[in-house]
Every structure is written in structure tokens, then in C-alpha cells.
Amino acid sequence: MARSMRTCLHSGRLALLAILVSGGIVLQILACALYNNWWPMLTVLMYLMLPMPLIFFLGSSSPSMMSNEGDGWVNFTKFLTGASVVGSIAIPSILKHAGVIGWGALSMELSSFIVFGVAILWLIQMNGEDEYSSAF
């Protein structure tokens, strides 16, 4: 396939990734605005904290996050990332259990988490593709 065509397909994938992230943000805001309760915005703290361990502790010379190998810092990064993911699900669940938010806000929060998760997994898959090994 021509190089210009590959570039166009890659740009389209990036545009769809941006649409996914924007949709997740819209769901996050709608979960608060539709029910006139801004407590679910606490989840944004976890979304902001999620990439921090990866930025601080994972260098380019380190093994991949998906491998079982690694030193203490890589394992600590995996732990903090996992804690952030669990917190992103736990905060809305605890708020619902405490009666602070309703079922509608909880479902929008969890669907926002799913959209963000799909976007992150798609980004990891896009970065892992080799230019010569893919069909495009």
C-alpha cells in the first residue's frame, strides 16, 4: 500500500481515538450535569492519576508493561496503575452505595470508564503495531 494511504489510515485512527476520548469526557460531565450532582467528578482524580506512574517510573529502556519481567520500579508502576483503575470503578460504586448518586449517574460513570478503557487499549494496540507487520 502506498505511504500516503497508510498515513491517511493512521490519521483516521487517531481521529477516532480522539472521538472516543471526547465521548468519555462528555459521559463524565453528563453523569454530573443531568442529575445535578457533582460528586461523580471525584473519578476525574483517578483519571488524572492513572498515567502518572507510567510517566514517572517507566522509562524507554524498561521492559513492556504487559510482560512479567521487570524490576521493582516496573512492578510498583503496575501496582499504582492497577490501584488507579480499581479506584475509577470503586468511587462511583461507593457513592451509589452511600446513596449520594443514583443508578443513572452510576451507569454513565461506568460507561465513561469503559469508553476510556477502550481508547487506552486501542492506543496501546496502535503503538504496538509495526509498520511492516500490519495489513495496512
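Residues take their numbers from the sequence shown, with the count starting at 1.
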> How close do P92 and I101 get, heavy atom to heavy atom, and via which atoms?
Replying inline: O-CD1, 3.6 Å
> Quick one: CG on L80 to CE on M52, what's the gap to the nearest 0.5 Å?
Replying inline: 12.0 Å
>> Do M41 and I29 have side chains that approach each other closer than 4.5 Å (heavy atoms only, starting at C-beta)?
In response: yes
> Do P40 and C32 have side-chain heavy atoms sitting under 4.5 Å apart?
Replying inline: yes
May I have the list of side-chain donor-acceptor pairs in residues 103-114 shorter than 3.5 Å, sequence neighbours left out?
residue, atom, partner, partner atom, Å
S107, OG, W103, O, 3.2
S107, OG, G104, O, 2.8
E109, OE1, Q28, NE2, 3.3
E109, OE1, T43, OG1, 3.1
E109, OE2, Q28, NE2, 3.0
S111, OG, S107, O, 3.0
S111, OG, M108, O, 2.9
S112, OG, G24, O, 2.9

>> Would you compute the distance between atom OG1 of T81 and atom CD1 of I120 and round it to the nearest 0.5 angstrom?
In response: 9.5 Å
>> Could you go through W39 and I91, starting from their C-alpha distance and side-chain angles, then the distance that decides it, and tell me whether this counts as side chain to side chain contact (heavy atoms under 4.5 Å, CB included)?
In response: CA-CA 10 Å; W39 278 104; I91 289 175; over 6 Å; no
> Shared ILVMFWY cluster between V100 and I89, side chains joined below 4.5 angstrom?
Replying inline: yes
> How many angstroms lie between CH2 in W122 and CG in L14, if you round to the nearest 0.5 Å?
Replying inline: 8.5 Å
> Would a hydrophobic clustering, with Ile, Leu, Val, Met, Phe, Trp and Tyr connected at side-chain separations under 4.5 Å, put L45 with I94?
Replying inline: no
> Quick one: do V118 and L16 end up in the same hydrophobic cluster if we chain Ile, Leu, Val, Met, Phe, Trp and Tyr together by side-chain heavy atoms under 4.5 Å apart?
Replying inline: yes
> Do you know the tightest heavy-atom contact between V115 and G23?
Replying inline: CG1-C, 4.4 Å
> Are V86 and L48 connected in the hydrophobic side-chain network, where two residues link if heavy atoms are under 4.5 Å apart?
Replying inline: no
> Of the non-hydrogen atoms in S84 and L50, which two are nearest, and what is the gap between them?
Replying inline: CB-CD1, 3.5 Å
> Transitively linked via ILVMFWY side-chain contacts under 4.5 Å: V26 with I19?
Replying inline: no
> In Å, rounded to the nearest 0.5 Å, how long is the span from CD1 of I25 to CG of L30?
Replying inline: 12.0 Å
>> I need the minimum non-hydrogen distance between S88 and M46, along with the two atoms involved.
In response: OG-CB, 3.3 Å
